[in-house]
Amino acid sequence: MAGSVRILGTGQLLTLSRRMRSAGGPRLRANFARRIRRAAEPLHKDLQKAVQTLPLQSEGRKRKRDGRMPHGGPSPTTRPFRQMLADSVRLSVRTSSNPGARIWIDRSRIEPKARNVLNQINQTGRLRHPVFGNRRRWANQRSEAGWWSRRVQAGTPRMQAEVERVLRDVRRDLQ
């Protein structure tokens, strides 16, 4: 599912977060958050780039019944489609109650008619949509199913190793 990715070493991150709070070092906390964000950024950028370069192949234009080619029309969205989808992939870092990094799809950044597009492509490998907003005429576009899941699986071990390194360094600073 193209939902969210979380890197949580719940026990370790939670105890470390409490120790940082008791140590009272805002500089230490800011450094911790910055390094966790830096560990998650390569996967975040990879997912954004994947959205922008995801191959969407159409079935091609079909002729009308009278043999003429159909006419185009205005785009139903106000922003470029792929850029809008890429901007919706977000990264957030928490150092308080549930510390860790999370990469997720912010549906509020996607136009209402396209909110389920990334999940639809990830689950089925197909995007079915009305042609230029015309709900009487639909088009299918094929892509690679599981694009989100595969990239997350490939990027998670590196991200976890980096977070472990950050935890060791912060623990060493607290002692």
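Here the closest non-hydrogen pair linking Val93 and Ala33 is CG1-O, 3.8 Å. Between Asn116 and Arg107, the shortest heavy-atom distance links the atoms CA-NH1, 4.2 Å. Contact record, Arg82 with Leu54: NH1-O, 2.6 Å, taken as the closest heavy-atom pair.
Side chain of Asp106 to backbone of Ser88: no donor-acceptor contact under 3.5 angstrom is found. Of the possible polar contacts, none joining the His129 side chain to the Trp138 backbone as a donor-acceptor pair under 3.5 Å is found. With hydrogens and angles disregarded, a donor-acceptor distance shorter than 3.5 Å links the side chain of Arg115 to the backbone of Ile110. Judged by distance alone, with hydrogens and angles left aside, the side-chain atoms of Arg150 form a donor-acceptor pair with the main-chain N or O of Ala145 at under 3.5 Å. The backbone N or O of Ala86 sits less than 3.5 Å from a side-chain atom of Gln48, completing a donor-acceptor pair.
For the pair Trp147/Leu47, a side-chain contact is recorded, criterion being any heavy-atom separation below 4.5 Å from C-beta on. Between Asp169 and Phe32, every side-chain heavy-atom pair lies at or beyond the 4.5 Å cut-off. The side-chain heavy atoms of Glu111 and Met84, taken from C-beta on, include a pair separated by under 4.5 Å. At a threshold of 4.5 Å between non-hydrogen side-chain atoms, the residues Arg90 and Arg102 do not count as touching.
In terms of the side chain to side chain contact (heavy atoms under 4.5 Å, CB included) criterion, residue partners of Arg38 (sequence neighbours excluded) are, by chain and number, Arg34, Glu41. Listed by chain and residue number, Gln52, Pro80, Asp87 satisfy the side chain to side chain contact (heavy atoms under 4.5 Å, CB included) test with Gln83 (two or more places apart in sequence, or in another chain). Here Arg126 pairs with nothing under the salt bridge (charged side-chain N to carboxylate O under 4.0 Å, His left out) rule; sequence neighbours left out. Taking the side chain to side chain donor-acceptor pair (under 3.5 Å) definition, one finds that Arg151 meets it with nothing, sequence neighbours left out. Under the side chain to side chain contact (heavy atoms under 4.5 Å, CB included) criterion, Pro42 pairs with Arg158, sequence neighbours left out. Evaluation of the side chain to side chain donor-acceptor pair (under 3.5 Å) rule for Asn134 yields no partner, not counting sequence neighbours.
Rounding to the nearest 0.5 angstrom, the gap separating the CZ atom in Arg142 from the CZ atom in Arg128 is 11.0 Å. Residue Ser143 holds its OG atom at 8.5 Å from CG of Leu127, rounded to the nearest 0.5 Å. Rounding to the nearest 0.5 Å places CH2 of Trp104 at 10.0 Å from CG of Leu91. A distance of 11.5 Å separates CD1 in Ile36 from OG in Ser92, rounded to the nearest 0.5 Å. With values rounded to the nearest 0.5 angstrom, His44 atom NE2 is found 11.0 Å from Asp46 atom CG.
Evaluated for a side-chain contact (heavy atoms from CB on, under 4.5 Å) with Val51, the options Leu118, Val117, Ile121 yield exactly one hit, Leu118.
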